[in-house]
Student: 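Have a look at the structure that comes next, please.
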Amino acid sequence: MKTRENKSRRDFLKTGSLAAAGFFIVPRHVMGRGFIAPSDKLRIAAIGAGGKGESDLFEFSKSPNADIVFLCDVDDRQIKKSVGRFPKAKRYYDWREMLEKENKSIDAVSVSIPDNGHAVAALTAMQLGKHVYVQKPLTHDIYEARMLTEAAKRYKVVTQMGNQGSSGDGVRTMQEWYHAGIIGDATEIQVWTNRPIWPQGLGTPKSTDPVPPELKWDLWLGPAQEQTYHKEYVPFSWRGFWAFGTGALGDMGCHLIDPAFKTVGLGYPNSVECSQVSIFEKAWTPEYFPESCPAASSVILNFPGKNGKPDVKMHWMDGGIIPQRPEELGADEQFGDNGGGGVLIIGTKGKIMCGTYGSDPKLLPTSKTKEVNVPQTIARVPEGHYVQWINACLAGYGRKEVSSPFEYAGPLTETILMGNLALRTWNIRVEKTTTGNSGRPQYSYPGRKKLIWDAVNMKISNFDEANQFVKREYRKGW
Amino acid sequence: MKIKYNKSRRDFIKNSSLAAAGFFIVPRHVLGRGFIAPSDKLNIAGVGVGGRAETNLPKAYNNGSDNIAALCDVDDRRSVNARTKWPKSPYYKDYRIMLDKEGKNIDAVMITTPDHMHAPIAMAAMELGKHVYVEKPLTHDIYEARMLTAAAKKYKVVTQMGNQGASGDDIRLIETWLQDGLLGDVHTVHVWTNRPTWPQGIATPTGQFEVPGELDWNLWLGTAPQRDYNPAFLPAIWRGWVDYGSGSLGDMGCHFIDSPYLALKLGYPISAETSIGSVYSGYFKEVINTEGFPPSAKTYIQFPQRGSLVPVKMIWYDGGILPERPAELLPDEEMSKVDGGMIFEGTKGKLMAGKFGANATLLPTSLMKDRVMAKSKFPLVEGSTEGHQQQWVKACKMGYGAYTSSDFALAGPLTETVLMGNLAVRSYQYSENDSLGNKIFPGRKKLLWDGEKMEVTNFAPANQFVKRQYRTY
């Protein structure tokens, strides 16, 4: 991995030259503050302070040990509430400038911006020795997730991905059940979400709007390739476009796959296949919107069994399609949570079901939930996901456990992004030399098969074109 | 069944009073012409003569070996080709008038209209003792399928549904292999299609449009509820709207489910459970248009033990969602053909095939290497899938009792199964307001089906989808 790490560093260095300078010139021990006396407060700079960023900051500020010292956002509309809440925090538009100028006054960074900018912002901060809290999904690309996972170790910073459910009681209860052998060995996991709950899969918006004066579009794009502004992208629907977001999987995968991933102890998958809903705006000829994440999809990942355990198949469904109700579930019992999504872990001896964020775990039939008596062996996180990270940062690297450190969140995110790799590969098309009866061009779709994944080398071994989705090109200057 | 049958007759009579009159007044034996010498020509009327009928009618006509004795279409534009081909055949817009005027001149009727008119027209024709060929799906509603199935027996007419794959060699091969135990006990069948290949899950078309002079919109609507004309419904796109069509299942279900249905002698299902691809118009704004079918669906239909045959779970996928690739299929091997496919899973193996059961292969496909598969133990149909219409024509001449590949005794229950999927989809879309005014979806569960009684036993609102109200027109 050394070569790749170097390559990664080079890539990021090109983009975050400030960070790079810091990394090369300043010795590690003077960069971050290393161990911080517990009496000190953690000085947090926010990259992205609106929307989820806004609620993240609010959660951090509940800790008496946190100081929100800087706010960075590219959109004056989005940042309003946070500015009102933290009037003393100095405001920036460009996080690169913020990290350069305020390096010495920052201990930790919260990254809550569109997915495509997570990795470069987080890695730059980590290179400066900052602890980082990064919203889910950790990164946009598989390669970036691998790099951040390595970087957390290398720079010895405290990391947490923003899948807050991983600090909940539910996933801990599930782990205790699973470790006690109540459902035997997991062989299949079914995960579903009702997302996207906005229009998705419909191609680049057709709107032509001037960039609003409150928005710095160039900075919003971050490392994404230069492109036309459309009002639909901001502040939310960027999720449905591969240039910025990661679709339903990126939105909810970390919340839903997390409890199963943790409970069963999964690692890297070794194959992926998918299908997705087609879009017809007129009859007979499907629309082709490879830039859009699909409106509904079905993704199947295989995880090789470890230590003589069976392989585990994971079946992800989104956009309304859900798994069949298990036989053990009563006709009128709720499947998953109330419409949002759910997880079903099928073992050799039983089944565990839960909702989004690992909520409301149950053994099936549900009557069994109360019958089992498994001792609590895993510490709960009464302080919650945010405060847990703050306290761990203050304690220093390696001193306190967090629920979703990058060594865990990285492989989890890679798994989610493997689904996206399959969904994007599904849309690779090649024009046939012959046309059909209609005279319209005909296409073949060579990526519509089972993709075999070499996780160590981050490479699809049976369809090379798919590997373009492992790592994208950043915009020049990033 | 007697009571239901009588009820059905009343329903149909209301709507086809001409046919009804015929049924009551004219004795059976003078209506049809009974046995026809094979050298004689069958006199065939076409109702709905454009689109798919432009394949059906010429194949029945068979270069003049039989007569196209009358033509009927509500749209002069759609009937141009047929009228040009058979200029001497009297042409009508209203099938009721055609049956009244031409009743004595026709032996058989081919029906190729939108789904919602299949049953009223077919029943009217059968009541007059005419043999019928009805495009797939046989009917729009489960109840109608049951009625037509009973009527075929009652009126002793030769029937055929237009799922031409039923006359293919491949369906007979699969039937032979499965019944000979090639896969052991078959317990699971996956069936999928790429349909809808037209927009579904969209808003109902609106706007005021002038009805084209060539189209009789009232007759096009027929038994469907009154609605202003909108060009967005025709031709063909009516499939996506519940008043006229039956979605992906109605379009392709009869082509993909007929093989498992026949081979595994499935009969009536006992439950159906679905989920559908959602549609959003804005952030958090879900749109459920109960007037239309959804863009995609995944539906589980369960069949009970049948004699020595084990229960079967059938899973239907449409709109682009596919089954998992079988573990035995190599990563680079193709699973999905253009229109869809089917996979049978048994205790001793798996079999994968395309539309009409084409290119059936054991999995892994290496099992087929140098293997000699059993020949069909059932007689093949002359012309295979392309001989489906002529098979019916010849059977009509032989008279009731002559074999057709997809007579209503088979096609009726098959269509009911297909329509069970739609019943589940429409129940899934069904909503109520709870005491707080929130929209709830009580039909999103496994629906238990009493096949004999045609009734969902654990969710009463679903039963409105078993049988719809006809408009009097």
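Just so we're on the same page: letters track the sequence lines, and every chain starts at 1.
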Student: Check each atom of A236(B) against the heavy atoms of chain A and say whether the ones under 4.5 Å are side chain, backbone, both or neither.
Tutor: side chain
Student: With only heavy atoms counted, which part of P323(A) is less than 4.5 Å from chain B, the side chain, the backbone, both or neither?
Tutor: backbone
Student: Side chain, backbone, both or neither: which part of D332(A) has a heavy atom under 4.5 Å from chain B?
Tutor: side chain
Student: Quick check on the interface: out of T274(B), D318(B), I321(B), who has the most heavy-atom pairs with chain A under 4.5 Å?
Tutor: I321(B)
Student: Report which part of S237(A) has an atom under 4.5 Å of a heavy atom belonging to chain B: side chain, backbone, both, or neither.
Tutor: neither
Student: Describe, in one word, how the ring planes of W198(B) and W284(A) are oriented to each other, choosing from parallel (under 30°), tilted (30 to 60°) and perpendicular (over 60°).
Tutor: perpendicular
Student: First locate atom CE of M335(B), then atom CD of E273(A), and finally report the distance between them rounded to the nearest 0.5 Å.
Tutor: 7.0 Å
Student: Examine whether an atom of P199(A) lies under 4.5 Å from a heavy atom of chain B, and if so say whether it belongs to the side chain, the backbone or both; otherwise answer neither.
Tutor: both
Student: Answer with side chain, backbone, both or neither: which region of W426(A) has an atom nearer than 4.5 Å to a non-hydrogen atom of chain B?
Tutor: side chain
Student: Pick one of side chain, backbone, both or neither for P294(A), based on which atoms fall under 4.5 Å of a heavy atom in chain B.
Tutor: neither
Student: Name the member of Q324(A), R195(A), K449(A), M317(A) that forms the most heavy-atom pairs with chain B at distances under 4.5 Å.
Tutor: Q324(A)
Student: Can you tell which of T285(A), I452(A), I300(A) has the highest number of heavy-atom pairs within less than 4.5 Å of chain B?
Tutor: I300(A)
Student: Taking all non-hydrogen atoms of both residues, which atom of G320(A) and which atom of S278(B) are closest, and how far apart?
Tutor: N-OG, 4.0 Å
Student: Show the nearest heavy-atom pair for residues I322(A) and Y428(B), with the distance to one decimal.
Tutor: CD1-OH, 3.9 Å
Student: Should we count CG of N359(B) as having more than 12 external heavy atoms under 6.0 Å?
Tutor: no
Student: Decide if atom NZ of K309(A) counts as having more than 12 heavy atoms of other residues, nucleotides or ligands within a radius under 6.0 Å.
Tutor: no
Student: Go through S298(A), A296(A), S278(A), C274(A) and name the one with the most non-hydrogen pairs under 4.5 angstrom from chain B.
Tutor: S278(A)
Student: So what's closer than 4.5 Å to chain A heavy atoms on F441(B): side chain, backbone, both or neither?
Tutor: neither
Student: Mind listing the closest non-hydrogen atom pair of G320(B) and S275(A) along with its distance?
Tutor: O-CB, 3.4 Å
Student: Does any heavy atom of chain A fall under 4.5 Å from the side chain of Y283(B), the backbone, both, or neither of them?
Tutor: both
Student: Could you tell me which portion of I276(B) (side chain, backbone, both or neither) has an atom closer than 4.5 angstrom to a non-hydrogen atom of chain A?
Tutor: backbone
Student: Quick one: which of K313(B), E333(B), K285(B), E286(B) has the most heavy-atom pairs under 4.5 Å with chain A, could you say?
Tutor: K313(B)
Student: How far apart are the closest heavy atoms of Y280(B) and N194(A), and which atoms are they?
Tutor: OH-O, 4.5 Å
Student: If I measure from the heavy atoms of chain A, does P196(B) come under 4.5 Å with its side chain, its backbone, both, or neither?
Tutor: backbone
Student: Report, as yes or no, whether the 6.0 Å neighbourhood of atom CG on N458(B) holds more than 12 heavy atoms from other residues, nucleotides or ligands.
Tutor: yes
Student: In plain terms, say whether K450(A) and E324(B) are close enough for a salt bridge, that is, a side-chain N and a carboxylate O under 4.0 Å apart.
Tutor: no
Student: Tell me which of these, E273(B), R444(B), Q200(B), E334(B), has more heavy-atom pairs under 4.5 Å with chain A than the rest.
Tutor: E273(B)
Student: Pick from R195(B), R325(B), K298(B): which one has the most heavy-atom pairs with chain A under 4.5 Å?
Tutor: R325(B)
Student: Please indicate whether E327(A) has more than 12 foreign heavy atoms, meaning atoms of other residues, nucleotides or ligands, lying under 6.0 Å from its CD.
Tutor: no
Student: Do you know which of V277(A), L451(A), I321(A) has the most heavy-atom pairs under 4.5 Å to chain B?
Tutor: I321(A)
Student: If I take atom OG1 from residue T197(B) and atom NZ from residue K282(A), how far apart are they, to the nearest 0.5 angstrom?
Tutor: 12.5 Å
